[in-house]
Amino acid sequence: MTAAAEQRAAPVTADGARLSPPPRATGLAAAALTVAALLTAWAVVVGIGVGSSTPGVVVGVAGVGLGAAIVWYAARGLRLAYAARRSDAGGERLAARALAARSRTHSAGALSTSLALLVVLGLVVLLTANDDSILNTFFSVDHMADSAADITRAFRLNLFIAVVAMAFVLVVGLLLAVVRMLPGDGARPLRALAVAYIDVMRAIPSIIVLYLIGFGLPLAGFPLFSGLPPAWYAIIALTLTYSAYVAEIYRAGIEAVHPSQTGAARSLALSYGRTLRHVVLPQAVRAVIPPLLSAFIALQKDTALVNIIGAVDAFNQAKFFASSNFNLSSVAVVAALFVLITIPQARLVDWLLARGATRRSVRRPA
């Protein structure tokens, strides 16, 4: 039967439209089942290769169990694919399309889960290779337990630097953004200074600014800055650097406010300053809260650079343990602490972005 004949023979809906054939699902389902079966076999090999220790048994049982579940899920997709073919052959095209769609969903899920399990098993092989040398070097439970308390106490310095620096950054960045956007030819020198500062500070790496501030100010002997603790040098350096980035975030939010808002405020005899304060900035700040939180996350991570000026933060404390034990598990503790405080903030940013998108879609006229 030709393609034209098949199209003429295709089932017709109530409004006279001809249904297209169901999507192909058998090949994808067969590929998913094959990959899942091979992966399950490899999970058995990995479990045997890890050894008879408790981690090896756990890895082997978990890998085989998850692989078997993926095989069952992929086999179900293959059964649905064959059911779709039978329904299509019997003229039940709507049912065939639904079955084929379910089959492709099962097959895609089996393939993606297989890929994830493949990555996990690859990491297990890497960590347990060469008599667990990598695992013992980076994730020794004994060394992590010995250093965790001291590193956690030192981590409070990182949190102090991050919170205080971000408070200054929010203020200085807003001032830079406002100065950069001052209207009129008379404010051109101030705008040029703000642009120069933002461009220069964004071009210099944070570690260089921290080094110059942390060692340069004490060497200069300036009375106001020569006797500060290292943590405050870090706060000054991070404020100088991140205020330039935050100023651009603020500027993007201010420019996102529609000009009609400013025009309406000025038509009501509000001055430029009052318009900025009462109309523009409240809307701009709400719009840039997610990117501001992202900047705060980046600033938190850069607090680890404070160790170059001698402050005993979490990373510096971890290096003491690492050099005395010839083991880097203490540094993994620092990484875990940063992960614990960063991931909730990252999820908060995602939630704020999703909420903003939902509100915009609700407010958009039909």
Side-chain angles (χ1 to χ4, degrees), residues 1-48 58-126 290 343 346-366:
M1 184 181 294
T2 64
E6 290 181 356
Q7 184 65 23
R8 287 193 299 271
V12 181
T13 60
D15 58 358
R18 296 189 180 276
L19 294 175
S20 60
R24 296 180 179 179
T26 306
L28 180 63
L33 182 60
T34 302
V35 171
L38 292 175
L39 187 63
T40 304
W42 191 50
V44 175
V45 174
V46 171
I48 296 174
V58 171
V59 169
V61 172
V64 173
L66 185 56
I70 298 174
V71 169
W72 175 83
Y73 198 70
R76 187 176 180 184
L78 187 60
R79 290 197 301 271
L80 289 171
Y82 282 123
R85 293 180 61 179
R86 290 193 298 269
S87 296
D88 188 47
E92 300 176 357
R93 181 148 291 182
L94 282 176
R97 289 171 61 87
L99 290 170
R102 290 176 57 193
S103 172
R104 292 177 66 87
T105 300
H106 280 68
S107 301
L111 283 174
S112 62
T113 309
S114 298
L115 179 60
L117 182 58
L118 178 65
V119 173
V120 172
L121 291 176
L123 290 175
V124 170
V125 172
L126 178 64
I343 288 182
R347 298 289 73 78
L348 177 60
V349 171
D350 293 341
W351 178 77
L352 289 173
L353 290 172
R355 188 182 67 169
T358 302
R359 287 182 174 180
R360 288 191 296 271
S361 63
V362 170
R363 293 174 181 175
R364 187 178 297 116

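In this chain, numbering begins with 1 at the start of the sequence shown.
Applying the side-chain contact (heavy atoms from CB on, under 4.5 Å) criterion to Thr113, with sequence neighbours excluded, gives Ile70. Remark: Arg104 pairs with no residue by the side chain to side chain donor-acceptor pair (under 3.5 Å) rule, at least two apart or across chains.
Separating the CG atom in Leu33 from the OG atom in Ser107 is a distance of 9.0 Å, to the nearest 0.5 Å. Atoms CG and CG, on Leu123 and Leu118 in that order, are 9.5 Å from each other to the nearest 0.5 Å. One finds the CZ atom of Arg102 at 10.5 Å from the CZ atom of Arg79 (value rounded to the nearest 0.5 Å).
Remark: side-chain polar atoms of Ser112 are paired, donor with acceptor, to backbone N or O of Gly109 under 3.5 angstrom. Between the side chain of Ser103 and the main chain of Leu78, no donor-acceptor pair closer than 3.5 Å is present.
Smallest separation of non-hydrogen atoms from Ala100 and Ala84: N-CB, 3.6 Å. Taking all atoms of both residues into account, the shortest heavy-atom contact from Ala74 to Ala110 is CB-CB, 3.8 Å. Scanning all heavy atoms of the two residues, the minimum distance from Ser114 to Val35 falls at CB-CG1, 3.9 Å.
If you run side-chain contact (heavy atoms from CB on, under 4.5 Å) between Leu99 and each of Asp88, Leu94, Leu80, only Leu80 comes through.
In this structure, a donor-acceptor pair under 3.5 Å is present between the side chains of Arg97 and Ser20.
Under the ring pair (Phe, Tyr, Trp, His ring centres under 6.0 Å) criterion, the residue pairs touching residues 63-95 are Tyr73-His106, with sequence neighbours excluded.
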